[in-house]
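To start, the structure itself, in structure tokens.
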Amino acid sequence: MAEDKVSLDLTEETLQSMEVGMAFRDYSGRISSMDFHKTSSYLVTASDDESIRLYDVANATCLKTINSKKYGVELVCFTSHPTTVIYSSKNGWDESLRLLSLNDNKYLRYFKGHHDRVVSLSLCARNELFISGSLDRTVLLWDQRAEKCQGLLRVQGRPATAYDDQGLVFAIASGGYIRMFDARKYDKGPFDIYSVGGDFSDANVVKFSNDSRLMLLTSTSGFIHVLDAFRGTLLCSYNVKPVSTNSTLEASFSPEGMFVISGSGDGSVYAWSVRSGKEVTSWMSTERESPVIKWAPGNVMFATGSSELSFWVPDLSKLGTYGGRK
């Protein structure tokens with residue numbers, strides 16, 4: 001029998017009440033990437049201080065810090081296993097991706113193939129496949145069980161990549177367009193190409209909502225575009241301060257896809273309603289760069305990473321009526 005959780009409906013009022021409930025300030029460099037595990041309460045971060053850190057969010061504890069001094073670390077993603085990650089280097093001389101066991105700090109596999117910085121990494125939720133996009137203008141398709149890439153797609157400009165939740169489709173965004181591929185027949189080329197309304201600046205991140213019905217694309221010019229994932233129609237575009245060349249503008253859907261939260265080039269965090277297209281709230285910051293930002297799966301909580309790691313939760317005292325789901 002499923003345990004009954006008292007859960008809070010995510011409304012505009014709930015979102016407006018959110019504030020930092022817990023912060024970890026012991027970083028000596030900016031957080032460049034983070035990922036929530038889909039089925040456990042774990043979060044992993046990668047930081048410019050060359051560390052990979054594993055947190056148990058439920059108990060608000062840092063379980064492990066692993067240093068990657070030799071290779072540096074920029075992007076990090078969980079595999080299906082809560083203590084195994086894939087990460088990209090940040091040293092400028094070795095662009096391999098690595099499969100790392102956080103349990104015993106052992107490399108399980110190296111994935112060699114890119115010749116420039118890897119700027120996008122997306123793992124398929126349903127199997128062992130993943131894709132990576134690099135400034136060398138290639139997107140490589142991988143199987144975690146093999147060192148050699150399984151496929152190569154060439155792109156124009158900086159690529160952003162994402163699998164949908166079912167792992168049936170993946171998207172590659174670059175230079176104002178999103179190309180949609182059937183994961184089983186990607187070698188036949190895209191089955192559809194979506195235009196994002198004349199914003200031809202470099203793609204930063206592309207993501208699907210949890211139900212795969214919506215997509216978002218962020219670009220270096222400070223736009224966050226939300227599209228219908230099936231038809232490619234542009235539903236709304238939000239605009240924040242553009243990010244610096246080395247930063248990434250990251251945005252994230254709330255679990256049911258009704259809201260989008262995003263960083264901004266001035267360090268602030270914004271939230272919008274997908275339905276109305278309007279800004280719901282924003283949180284100003286003393287930071288000067290866009291934070292990385294991820295919504296926790298199935299929770300009324302999101303995390304931001306900058307010079308510190310912050311977990312944002314509703315302040316119940318600000319909410320008029322608090323009750324479980326009806």
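- Here salt bridge (Lys or Arg N to Asp or Glu O under 4.0 Å) pairs that include residues 99-110, with residues two or more places apart or in two chains, number zero.
- Between the side chains of Ser268 and Asp266, a donor-acceptor pair is found at a separation under 3.5 Å.
- No more than 12 heavy-atom neighbours from other residues, nucleotides or ligands sit within 6.0 angstrom of NZ on Lys278.
- Note: the hydrophobic cluster containing Trp312 also contains Leu319 (ILVMFWY, side chain heavy atoms under 4.5 Å, direct or indirect links).
- Residue Ile193 belongs to a hydrophobic cluster whose other members are Tyr177, Phe200, with links defined by side-chain heavy atoms closer than 4.5 Å.
- Nearest heavy-atom pair, Met22 versus Ala60, reported as atom, atom and distance to 0.1 Å: CE-CB, 3.4 Å.
- Across all their heavy atoms, Val274 and Val226 have their closest contact at CG1-CG1, 4.3 Å.
- Of all heavy-atom pairs spanning Val280 and Trp272, the tightest one is CG2-C, 3.8 Å.
- For the pair His114/Cys149, no side-chain contact is recorded, criterion being any heavy-atom separation below 4.5 Å from C-beta on.
- Nearest heavy atoms, Tyr110 versus Arg98: CE2-NE, 3.4 Å.
- Residue-environment remark: CZ (Arg275) stays at or below the threshold of 12 foreign heavy atoms within 6.0 Å.
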Determine all donor-acceptor pairs shorter than 3.5 Å in which one atom belongs to a side chain in residues 155-162; sequence neighbours excluded.
| from | atom 1 | to | atom 2 | distance (Å) |
| --- | --- | --- | --- | --- |
| Arg158 | NE | Ala203 | O | 3.2 |
| Thr161 | OG1 | Ser120 | OG | 2.8 |

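- The ring of Phe24 has its center closer than 6.0 angstrom to the ring center of Tyr55.
- Residue Lys64 places its NZ atom among more than 12 non-hydrogen atoms of other residues, nucleotides or ligands, all under 6.0 Å distant.
- A perpendicular orientation is assigned to the rings of Phe111 and Trp142, their planes being inclined by more than 60° (bins at 30° and 60°).
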